[in-house]
There are 2 protein chains.
Amino acid sequence: MTGRGRVASGQPTIADVARHAGVAVSTVSYVLSGKRAISEVTRNRVLASIRLLGYHPNAGARALASRRANVIALVLPLRSGIQVPVVMQFATAVVTSARSHDHDVLLLTSDEGPEGLRRIAAGALVDGVLVMDVELHDVRVPLLRELRRPSVLIGLPADTGGLTCVDLDFHRAGQVCVEHLAGLGHRRVALLGAPAAVYDRGTGFAHRTRAGVVEAAARHGVEAVTLPCEESAADVRRRVDVLFARHPDISGLVVQNEAAVGPVQAALAASGRRVPHDVSVVAVCPDQFAEHASPRLTSVPVPAEEIGRQAVALLMRKLGDEPAPEVTLLEPRLTVRDSTATAYHGPVAGPDGTTTG
Amino acid sequence: MTGRGRVASGQPTIADVARHAGVAVSTVSYVLSGKRAISEVTRNRVLASIRLLGYHPNAGARALASRRANVIALVLPLRSGIQVPVVMQFATAVVTSARSHDHDVLLLTSDEGPEGLRRIAAGALVDGVLVMDVELHDVRVPLLRELRRPSVLIGLPADTGGLTCVDLDFHRAGQVCVEHLAGLGHRRVALLGAPAAVYDRGTGFAHRTRAGVVEAAARHGVEAVTLPCEESAADVRRRVDVLFARHPDISGLVVQNEAAVGPVQAALAASGRRVPHDVSVVAVCPDQFAEHASPRLTSVPVPAEEIGRQAVALLMRKLGDEPAPEVTLLEPRLTVRDSTATAYHGPVAGPDGTTTG
DNA sequence: GCCGAGGGTCGAAGCGCTTCGACGACCGAT
DNA sequence: ATCGGTCGTCGAAGCGCTTCGACCCTCGGC
């Protein structure tokens, strides 16, 4: 007898459902997949049996027969200097939207190296790959090209040819921050960026933000100092002190390192500088951080959720053999809160927040 | 011909390897699994063919035939008030140690609800389940019992009967913090705990810590105030102000909410209290946080890595049908850093860096 | 009244792997 | 010499599903 499946694994199989509903196995399959027309009557009978027996298709069998695992891999970084909450937001957004496309998510960390990717992809454990924290010259990029699986990168490598990448337009984000400060009349600003290790690795977003800041500053006749910034409170404090010692007239700060946001505020307070009265601060960080800070920070949020969703959507397109754009950059939006104000250049200030003189 | 596999999927199959090595398919399988003796000569020939062809076993086929997916599920919370970096540490530890047991990790978020768990488990996508952020009366617990898959919980529900749970001994952690402060002569301490929502949910660790604090305080003749604590800087500040307004003689603080650690320090500084001179602070948080704070914090670290490793090890035992203990509690260790000192009760203090007079 | 076109269903052939039983070869013990 | 016992290998039977081709009906068009 074929009812053995139930005995062996405790789970009903498609054969059990078919028998219970009095139809062929293939009919059950077609009810489930919708790939052929099935009469209303039959469909309902089958669905009733499925519910009654508590049937769940066996993932392995399905993957084997259909050559689709309905699983995508998410490769997360574990490196120093990563922005943990942002990464987490990505991850959850990816899981949620993958589920909405009927896919599950396999979690990989980079510490298994490229071999892990190869194993997963070649073994058909996953249909496609989502890679986070991409470096400008990432070792995984050539591998992705070689692998025969669709992939989407979150972040931009130096050469995007033949790839599919999604990210916030960090270059533009840098510009937007400076433009906001410049519009308020600030003439000397500083970027407190990611930790030095992140720049050294050639991580795209850090470099792109910096470039955006520098470029916008030049265009607006603003002087910009950029420097990396570690995460410890003590280090931040030191940086800030040195910064103001060398450039006492800096009145605008762009902070990219979310872990440093709190310490920066503390350091400013400790040195007697009030925000935004003496120094305006713009952060590039999750909204939640900006909201919870005190004062609440004017910020350019990193739309982790949106990027994750987009990345999954693009991957799904590629899984369906549809074409996908090489680069998708999301436009940054700046949210004005309580940490930025008109630069104090003299007695007069315009109603639009810019100074005169 | 059977070489079709290569054509269809581009991937060599076990049959290709067998043909290339001039052995039977089953022999290749036994070389890979080691479940039967294979001569040195044959083994090497097979391994050479595997390498040469770049063979990777098809995960679906393997899962189907062996009834083992070699994948475990990790159920992560997405709720408010969770400690993101800690969760992330868990996740990475779980992935890493799962890999060392030749398993991969499927990431689930709770927002699909218990149904997600059922789907995954019943569909044999995973062999076992790791559940994080367990509440005292968690809806998933009955489901886990009903499911026929091994599971391990990270955290403790109210009733652990028939389950396998791992966690830091938070009760003991609360005690340890208070004992440390008591030993330094502090007579009035406060616990700034998790956000109120976390207590309301009945999340074990928060309640257990509080109980430990209260109990140890009673035993050592210390007065203890406990209160929840949100994550925004402004809220922390308010809490701290209220706290000291009502209990001006509090000289020791236990902070459990890692997101609040920075703001607490800032709030103390703002109110003119020096750490540790005026107030001693003990945190329950990842070491990394404690190290990066300023001053560096005396802390009881949450050994996320160790817990993750243990959880995976236990799950592997259960997958192998070996018995596993119902509850595994890790002993907390307190690391003394620069944020705690002798209470100032009078002119005398020890030689360990505390003041005299 | 006949034909072609779908609609609805079935049966069977795999998908690539594990595992069980079988079998020859070779060993030391009788 | 003979007999059991290992060791090393093979062949074949699934694992539970998808999918292809075939088949039977029922229609509408002519």
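Every chain is numbered from 1 and lettered A, B, ... according to where its sequence line falls, protein lines coming before strand lines.
When rounded to the nearest whole Å, the span between CZ of B:R62 and C1' of D:dG14 equals 17 Å. Between the CG atom of A:L64 and the C1' atom of C:dC17 there is a distance of 8 Å, given to the nearest Å. The distance between atom CD1 of A:I14 and atom P of D:dC15, rounded to the nearest whole Å, is 14 Å. In this structure, A:R19 atom CZ and C:dG11 atom P are separated by 13 Å, rounded to whole Å. Counting to the nearest Å, the C1' atom of D:dG16 and the CZ atom of B:R68 are 18 Å from each other. Between the CG atom of A:N44 and the C1' atom of C:dG8 there is a distance of 15 Å, rounded to whole Å.
Every residue two or more places apart in sequence or in another chain that forms a side chain to side chain contact (heavy atoms under 4.5 Å, CB included) with B:T203 is listed here: B:D133, B:E135, B:V198, B:R201, B:F205.
The side chain of B:S29 contributes no N or O atom lying less than 4.0 Å from OP1 or OP2 of C:dC17. Between B:K35 and C:dT19, a side-chain N or O to OP1/OP2 separation shorter than 4.0 Å is present.
Side-chain atoms of A:R67 lie closest to C:dG16 of the nucleotides C:dG16, C:dT19, D:dT18.
Along DNA chain D, the nucleotide nearest B:A61 and the nucleotide nearest A:S66 are compared for position; the residue whose nucleotide lies closer to the 5' end is B:A61.
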Please produce a list of atom pairs where a protein N or O lies less than 3.5 Å from an N or O of nucleotides 7-9 of chain D.
from  : atom 1 : to    : atom 2 : distance (Å)
D:dT9 : OP1    : B:S39 : OG     : 2.9
D:dT9 : OP1    : B:T42 : OG1    : 2.1
D:dT9 : OP2    : B:S39 : N      : 2.9
D:dT9 : OP2    : B:S39 : OG     : 3.3
D:dT9 : OP2    : B:T42 : OG1    : 3.3
D:dT9 : O4     : B:R36 : NH1    : 2.7

